[in-house]
Amino acid sequence: METVRKEILPGVWLTALRSDKFKTGCLSINLLTQLDRETASMNAVIPYVLRRGSRYHTDMESIASALDGLYGSYIEPVVRKIGEIQCIGFVASFADDKYLPEGSNVFESVAGLCGEMLLTPNTKGGLLLPSYVESEKEKLLENIRSRINDKRSYALSRLIEQMCCYEPFSVARYGTEETAESIYYQKLSKHYRSLLAESPVEIFYCGSLDAEKCADILTDALSGMPRGEINYDIGTDIRMNSVDDGVRVFEDRLAVTQGKLVMGYRLGDCMENPDFAAIYVFNAVYGGCVTSKLFMNVRERLSLCYYASSGVDIHKGLMFISSGVDFEKFDDAKAEIIAQLEAVKNGDISDEELNAAKKSVASDLRAMMDSQFNLDGFYLSNAIGGLEFDPMELAALVESVSRDDVVSVARSLVPDAVYFLRGNDDEEVESDEA
């Protein structure tokens, strides 16, 4: 794949991957803004409101009809949280022009429709339509409220909220119920206009079109984008140490039959000059794959958990350990999770464990080359983090990670917080095997 990155408009950057591998093309347009409790819900609802109708395609039926005429293309709203950056916009999939009759120009039409939806929404008196805003606001509220239905992700989100309570990272990508309820069309219209004028924009394209032609089409499609004083002063603050001297403990009680134990760590000093390949391999050795210490020991050998895994956020410099545990096994599971981390710190890593971890991480990275949407997420993450490697280059770095590199990452970790989700002793409880 040939990768080109260029600025096509002030503050609007295109990452174009030319590839003949896929019969479809992928396009995403992302407005970047600082994650903030007061604006996160407004940001999150905007692409859904814009998707409801534009000046020339005034409702969803009209948009759907236009997309059907483009060989079944689709354009969907997208809301992402990368570190402490909120990314909102659209992602599109469409038949690649290379495999269509000459003159189809599907990409140009899809890009034009994306630009139309983003820049010229259906309005009345210059304001977003109240009925569209209210409808999407209710859907957003339903989405926020439904997070409690998945106890595994709910427990992780509750740890993040409390562990990072002094940091923007505590805010979920859809914001909070309280701020979502305060959305109304006049306020949202004003916020939408300022977002268009001030946000840096990241565009990703993957398909057979060469980068220059792609850039010309997108420049034309977005030529009406207002550009004011662009807010480049956005980013993610990385805290090296825990908030308190000791590990903070949080607890909730709900009508559940299975407890959730979630533990949060700061990656610590290794984030001063991070070796991402080593961090990913460490995570795989410890709890990030089926050959990890958490899976093989805490879950399989000792049967202390229904599941136990770890994950890292390289943008924020955090590691989280999630597990499903019987209530009476909380202490034993927590002790063994910590013991397995100590084993990694002490270099108790067999050649088989290290090689399996590296193979797992490298395989996942190379598999990204088979998915345009995974590539979209990878390159957006890179753009926000100021990184320049591609998945294949990172996979090669992973394969050169040593045992000492893994140990160094493990020894850098700082424990910060523990969260327990316990039962509330009610007779009627929810089933939560996940």
Side-chain angles (χ1 to χ4, degrees), residues 3-18 25-33 43 46-59 62-63 66-67 69-70 73-78 87-94 96-97 103-129 188-232 234 376 379-380 383-384:
T3 305
V4 174
R5 180 166 169 80
K6 63 180 300 183
E7 189 175 24
I8 63 172
L9 290 167
V12 180
W13 285 86
L14 167 67
T15 300
L17 273 65
R18 186 189 179 283
C26 174
L27 172 69
S28 75
I29 302 176
N30 306 274
L31 277 62
L32 312 185
T33 184
N43 294 335
I46 282 173
Y48 290 91
V49 172
L50 300 182
R51 190 266 307 266
R52 292 294 296 266
S54 67
R55 178 185 299 169
Y56 305 108
H57 297 83
T58 57
D59 53 33
S62 177
I63 292 172
L67 291 169
L70 297 173
S73 303
Y74 75 77
I75 301 172
E76 293 294 334
V78 63
C87 315
I88 67 164
F90 296 106
V91 61
S93 179
F94 45 90
D96 196 297
D97 286 317
S104 296
N105 298 326
V106 168
F107 172 65
E108 185 172 359
S109 298
V110 168
L113 186 53
C114 283
E116 179 186 320
M117 292 166 62
L118 182 66
L119 304 178
T120 59
N122 190 0
T123 59
K124 184 176 182 180
L127 299 174
L128 298 169
L129 297 186
L188 189 68
S189 299
K190 181 180 179 180
H191 184 69
Y192 156 71
R193 288 193 290 269
S194 66
L195 202 63
L196 274 186
E198 298 170 6
S199 296
V201 180
E202 285 290 339
I203 302 175
F204 173 85
Y205 166 80
C206 181
S208 65
L209 205 62
D210 71 80
E212 290 303 318
K213 179 64 173 176
C214 177
D216 290 342
I217 290 172
L218 287 165
T219 301
D220 183 61
L222 299 175
S223 59
M225 176 172 282
R227 297 274 80 186
E229 185 175 344
I230 300 169
N231 182 17
Y232 292 109
I234 59 175
D376 169 39
Y379 280 97
L380 177 60
I384 289 174

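The first residue of the sequence shown is numbered 1, and numbering continues consecutively from there.
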[atom2] on [Y] to [atom1] on [X], rounded to 0.5 Å:
{"X": "Leu128", "Y": "Arg52", "atom1": "CG", "atom2": "CZ", "value": "12.0 Å"}
{"X": "Ser199", "Y": "Ile230", "atom1": "OG", "atom2": "CD1", "value": "9.0 Å"}
{"X": "Lys6", "Y": "Ile203", "atom1": "NZ", "atom2": "CD1", "value": "11.5 Å"}
{"X": "Ile29", "Y": "Ile88", "atom1": "CD1", "atom2": "CD1", "value": "12.0 Å"}
{"X": "Ile8", "Y": "Trp13", "atom1": "CD1", "atom2": "CH2", "value": "10.5 Å"}
{"X": "Glu198", "Y": "Thr33", "atom1": "CD", "atom2": "OG1", "value": "8.5 Å"}

Intermediate values then yes/no, side chain to side chain contact (heavy atoms under 4.5 Å, CB included), Leu196 and Arg193
CA-CA 5 Å; Leu196 274 186; Arg193 288 193 290 269; 5.8 Å; no
With a 4.5 Å cut-off on side-chain heavy atoms, are [Y] and [X] touching?
{"X": "Leu27", "Y": "Phe90", "value": "no"}
{"X": "Ser28", "Y": "Leu380", "value": "no"}
{"X": "Tyr379", "Y": "Thr3", "value": "yes"}
{"X": "Met225", "Y": "Val201", "value": "yes"}
{"X": "Glu202", "Y": "Leu32", "value": "yes"}
{"X": "Asn30", "Y": "Val78", "value": "yes"}
{"X": "Asp376", "Y": "Cys206", "value": "no"}
{"X": "Phe107", "Y": "Leu218", "value": "yes"}

Of all the heavy-atom pairs spanning [X] and [Y], show the shortest one and how long it is.
{"X": "Cys87", "Y": "Ile384", "answer": "SG-CD1, 3.6 Å"}
{"X": "Cys114", "Y": "Ile75", "answer": "SG-CD1, 3.7 Å"}
{"X": "Ser109", "Y": "Leu70", "answer": "CB-CD2, 3.6 Å"}
{"X": "Leu67", "Y": "Tyr74", "answer": "CD1-CA, 4.1 Å"}
{"X": "Leu222", "Y": "Gly115", "answer": "CD2-CA, 4.0 Å"}
{"X": "Tyr232", "Y": "Gly11", "answer": "OH-CA, 3.2 Å"}

Would Leu17 and Phe204 satisfy side chain to side chain contact (heavy atoms under 4.5 Å, CB included), going step by step from the backbone distance to the final call?
CA-CA 8 Å; Leu17 273 65; Phe204 173 85; 3.6 Å; yes
By salt bridge (Lys or Arg N to Asp or Glu O under 4.0 Å), which residues pair with Lys213, not counting sequence neighbours?
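Counting only residues at least two positions away or on another chain, Lys213 forms no salt bridge (Lys or Arg N to Asp or Glu O under 4.0 Å).
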Looking at Arg18 and Glu212, is there a salt bridge between them, counting it only when a charged N and a carboxylate O are closer than 4.0 Å?
no
Before you tell me yes or no, could you show the steps for Ile46 and His191 under side chain to side chain contact (heavy atoms under 4.5 Å, CB included), namely the whole-Å CA-CA distance, both residues' side-chain angles and the distance that decides it to 0.1 Å?
CA-CA 9 Å; Ile46 282 173; His191 184 69; 3.9 Å; yes
Donor-acceptor pair, Arg227 side chain versus Pro10 backbone, under 3.5 Å?
yes
Assess the residue pair Glu116 and Arg55 against the criterion (side chain to side chain contact (heavy atoms under 4.5 Å, CB included)); give the C-alpha distance rounded to whole Å, side-chain angles, the decisive distance to 0.1 Å, and a yes or no.
CA-CA 8 Å; Glu116 179 186 320; Arg55 178 185 299 169; 5.7 Å; no
